[in-house]
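Note sheet for the following structure.
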Amino acid sequence: MVVFNEISTVDEWVTNKKKEGRSIGFVPTMGALHKGHIALVEQARRENDLVVCSIFVNPIQFNNKEDLKKYPRTLDSDLEKLDDAGCDAVFSPDAEEMYPAGHPDKIYDFGQLNKVMEGRFRQGHFNGVAIVVKKLFDIVQPHRAYFGEKDFQQLQVVRSLVKQEKSDVQVIGCPTVREADGLAMSSRNTRLTKAQRREAPRIYQALVKAREMYPELPVEQIKDQIRDTINASPELELEYAEIVHPDTLLPVTRSHRNTSAVACVAAYAGKVRLIDNMHLNS
Ligand code: AMP
């Protein structure tokens, strides 16, 4: 596995491989890798000749300075995990390399996709995601790029970005990988205290219950259940629970077993913000 810190060197490597006719699968990450990330690498491995992974804690997508400062950084063990998973190349730049002129001023319009849920509670977040994804796609020039459904709204924003930019990168959504007790794997889980970690699976339990309720009960009742299940723990506080159409992210107002819907949740465990989601009619 080769590791690059500079745009010019990874660009040259990729260009050569593409000239040889090899397909490239790309997995963008912010590091602190866990089995959820590795599942993306493994899927990319199966579907492409070569896999490139990026590790970059993108400062411009953090709306909260403390979250950026406390974001776990574990580069050495990340590289070991990627090597074991059969990744071919890693691109791990610093912020100066990615943004030599400082914060880019490009503003994207994602319509409704950016106005609700994460877009509403994390102002500027998806614009920062879009800027970095566009830049990484330009550098790595992948055939396919792999994103987790764990960040469901991000996946839809990236799909919209690719459409807007008329990019020919194929965006592939991959299922959420969970701990044995249902908690969605996340780099932020390492920051949970023992008590918070014990209670955090309530988020998953609330979503499973929501899926059971969906065909029969009104949306408002399902949202109340999610709130009550999570807030019943003194360790957790719900920020939002929404039930939306998976493509438009517009609220689903009437539950029906034939109406596609996904329940999306954000909750705080102390200062750690956790998100999760679940399709309700699959
Ligand atoms: P991050 O490093 O958090 O930016 O995540 C990098 C990629 O891994 C994103 O596409 C995430 O959606 C995906 N990802 C993170 N956690 C999981 C998980 N538990 N299951 C599947 N994909 C995940």
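Hydrogens, waters and symmetry mates are skipped; everything else that's a heavy atom, side chains included, is used. Along the sequence shown, residues are numbered consecutively beginning with 1. Note that the structure is a prediction, hence the values are computed from the model and not measured. All ligand and atom numbering here is 1-based and tracks the order in the structure.
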Protein contact to atom 10 (O) of ligand 1 [nearest heavy atom, distance to 0.1 Å]: Gly148 N, 2.9 Å
Pull out every atom of ligand 1 sitting under 4.0 Å from any heavy atom of Phe147, numbered as shown with elements. 10 (O)
What is the closest protein heavy atom to atom 23 (C) of ligand 1, and at what distance does it sit? Lys150 CB, 4.0 Å
If the contact criterion is a heavy-atom separation under 4.0 Å, does Tyr71 count as touching ligand 1? yes
For atom 21 (C) of ligand 1, closest protein heavy-atom neighbour: Pro175 O, 3.5 Å
Under 4.0 Å from ligand 1, counting heavy atoms only, is it the side chain of Leu40, its backbone, both or neither? side chain
Between ligand 1 and His34, can you find any atom pair, the residue atom being a heavy atom, that is separated by under 4.0 Å? yes
Against heavy atoms of Met185, which atoms of ligand 1 measure under 4.0 Å? 16 (N), 17 (C), 18 (C), 19 (N)
Between Glu239 and Arg120, is the closest basic N to carboxylate O distance under 4.0 Å? no
For atom 6 (C) of ligand 1, closest protein heavy-atom neighbour: Pro28 O, 3.3 Å
Phe62 ring centre to Lys65 NZ or CZ under 6.0 Å, with the angle to the axis within 45°? no
Hey, mind stepping through Val219 and Thr253 against side-chain contact (heavy atoms from CB on, under 4.5 Å) and telling me if it holds? CA-CA 6 Å; Val219 162; Thr253 47; over 6 Å; no
Decide whether Gln205 and Arg202 meet the rule of one side-chain donor and one side-chain acceptor closer than 3.5 Å. no
Is there a chain of hydrophobic side chains (I, L, V, M, F, W, Y, each step under 4.5 Å between heavy atoms) that links Val129 to Leu274? no
Sub-4.0 Å atoms of ligand 1 with respect to non-hydrogen atoms of Thr176: 20 (N), 21 (C)
How about Tyr240 and Phe121: are their ring centroids closer than 6.0 Å? yes
Looking only at protein heavy atoms, identify the closest one to atom 11 (C) of ligand 1 and say how far it is in Å. Asp151 OD2, 3.1 Å
Hey, is Glu220 close enough to Lys223 for a salt bridge, meaning N to O under 4.0 Å? yes
Residue of the set Tyr146, Phe91, Phe137 for which side-chain contact (heavy atoms from CB on, under 4.5 Å) holds with Phe26: Phe137
Which residue and atom name correspond to the protein heavy atom nearest atom 20 (N) of ligand 1, and how close is it? Val177 N, 2.8 Å
Proximal candidate to atom 5 (O) of ligand 1 [heavy atom criterion; set His37, Met30, Lys35, Gln61]: His37
Is the side chain of Gln153 donor-acceptor paired with the backbone N or O of Glu118 at a distance under 3.5 Å, no angle test? yes
